[in-house]
Amino acid sequence: RAKAAGGGCYRVFETGMGEELRRRQTLKVDLSGAIERGELELAFQPIVDLRSGRVGSFEALMRWNRARRGLVAPAEFIPTAEETGLILPIGRWALEHACTEAAGWPAEVKVAVNLSPFQFRQTDLAQDVAAALRVSGLSPGRLVLEITESLPLLGNCENLTVLHRLRELGVQIALDDFGTGYASLGYLHQFRFDNLKVDRSFVCSITKGREARTILHAVTRMAHMLGMTVTAEGVETPEQLRHVQMEGCDHVQGYFFSRPVPASEVGALIASLNGAAIP
Ligand code: C2E
Ligand code: MG
Ligand code: MG
Ligand code: MG
């Protein structure tokens, strides 16, 4: 039969495409009902302040507990959410939920929430953030908004205006995934971020050669001179920790300290990390 249809390879390819389309279609349909069905969750990963050795904040990381399929990682559904516009209600949910959780934590612990560049297209992002703060009662100084540089966000003046409006609310703004995009340095003179998060892929390379360490050292100094703090992402080993410490990073996030945990484990994790000495 395959032969009759003009060659086996072609046929297999065609079936594959159909499956992919169907997979994406059901993903969209399922995702559109995820909030109402209570399938979205936030996991929280601690970010440790190297100077004090204590937990300074937690990053809220979205998880989708998809019916009959189990946990889905954000890399698998955020792009679909952005494509369909579902990122707006989902992003709003994450903001409000993260702020509400954080309001119950010790007052010195902040929460960091990821914003999609697509959320900037909507004019009332600052209003959403203000609403999340109001509803949760969280003080603005305890909210950090993480913005990824993977899209040409700041090329657009309106986006820059939104950033300034967010800043006026009293929240902190972090540039996420630094070192992966194409506009890294360009971003820094357009807006004064409070915090720079050096991407995991970069942290990965620091034990492999002197060059990466020199770059991290220079980036950290530059960030400090511009009034930003620096967070190293994805630190997994004591060796990586030693290097990011040596090059002057202020905060560390990564499996070395902890994987992202459910909200119910945050309290115990703060206690155990704050009680432990940094090697
Ligand atoms: P991100 O904001 O850069 O978050 C850090 C990612 O690195 C998380 O992956 C975290 O689990 C992972 N990670 C942290 N430490 C380590 C480590 O030591 N080793 C390794 N291998 N990985 C580590 P996750 O949770 O899968 O999230 C991936 C991305 O999805 C995030 O990258 C962020 O861009 C996006 N994302 C997550 N939650 C949200 C959300 O609520 N809204 C939006 N718009 N994006 C989100
Ligand atoms: Mg992030
Ligand atoms: Mg990041
Ligand atoms: Mg990253």
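The figures here come from the full heavy-atom set of this structure, side chains too, leaving out hydrogens, waters and symmetry mates. Each ligand, and each atom within it, is numbered from 1 in the order the structure gives. Since the structure is predicted, the reported quantities are computational estimates derived from the model, not experimental observations.
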Evaluating non-hydrogen atoms only, which member of [options] is closest to [atom]?
atom                    : options                     : value
atom 11 (O) of ligand 1 : Ala60, Pro260, Ala98        : Pro260
atom 45 (N) of ligand 1 : Thr180, Asn114, Thr237      : Asn114
atom 25 (O) of ligand 1 : Met62, Arg63, Glu233        : Arg63
atom 44 (N) of ligand 1 : Ala73, Pro79, Ala43, Ser116 : Ser116

With a 4.0 Å cut-off on heavy atoms, is [X] in contact with ligand 1?
X      : result
Glu82  : no
Ala75  : no
Asp176 : yes
Arg200 : yes

How many angstroms lie between CD1 in Ile206 and CZ in Arg242, if you round to the nearest 0.5 Å?
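It comes to 9.5 Å.
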Picking from Val230, Thr214, Leu196, what satisfies side-chain contact (heavy atoms from CB on, under 4.5 Å) with Val219?
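Answer to the side-chain contact (heavy atoms from CB on, under 4.5 Å) test with Val219 among Val230, Thr214, Leu196: Leu196.
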Only heavy atoms of [X], strictly under 4.0 Å: list the atoms of ligand 1 that pass.
X      : answer
Gly254 : 15 (N), 18 (O)
Glu236 : 17 (C), 18 (O), 19 (N), 20 (C), 21 (N)
Pro74  : 24 (P), 25 (O), 26 (O), 27 (O), 28 (C), 30 (O), 36 (N), 37 (C)
Leu61  : 4 (O), 8 (C), 10 (C), 11 (O), 25 (O), 37 (C), 38 (N)

Let me check your reading of the structure: within less than 2.8 Å of the Mg ion (ligand 2), is there an N/O/S atom from Thr148?
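Looking at Thr148, which is the residue asked about, there is no N, O or S atom under 2.8 Å from the Mg ion (ligand 2).
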How about Glu59 and Asn114: does a side-chain donor come under 3.5 Å of a side-chain acceptor?
yes
Does a side chain donor of either Glu82 or Ser116 reach within less than 3.5 Å of an acceptor in the other side chain?
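Their side chains do contain a donor-acceptor pair, which is all the 3.5 Å distance test asks for.
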Do you know the tightest heavy-atom contact between Ala94 and Met62?
CB-CE, 3.7 Å
Shared hydrophobic cluster for Leu27 and Phe118 (ILVMFWY, side-chain gaps under 4.5 Å)
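In one cluster with Leu27: Phe118, yes.
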Do Trp93 and Leu86 belong to the same hydrophobic cluster, where Ile, Leu, Val, Met, Phe, Trp and Tyr are linked whenever their side-chain heavy atoms lie under 4.5 Å apart, directly or via other members?
yes
Report yes or no: does Glu101 contribute a side-chain atom to a donor-acceptor pair with the main-chain N or O of Ala98 at less than 3.5 Å?
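Flag not set: sc Glu101 to bb Ala98 has no pair under 3.5 Å.
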[X] atom (N/O/S) at minimal separation from the Mg ion (ligand 2):
X      : value
Glu146 : OE1
Glu59  : OE2
Asp176 : OD2

Are any of the side-chain nitrogens in Glu76 or Arg69 under 4.0 Å away from the carboxylate oxygens of its partner?
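Looking at Glu76 and Arg69, the cut-off is not met.
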Pair up each side-chain donor or acceptor in residues 49-56 with any protein partner under 3.5 Å, not counting sequence neighbours, and list the distances.
unit_1: Asp49; atom_1: OD1; unit_2: Arg51; atom_2: N; d: 3.0
unit_1: Ser52; atom_1: OG; unit_2: Arg54; atom_2: N; d: 3.2

So, regarding Gln45 and ligand 1 (criterion: nitrogen or oxygen to nitrogen or oxygen, under 3.5 Å), is there a contact or not?
yes
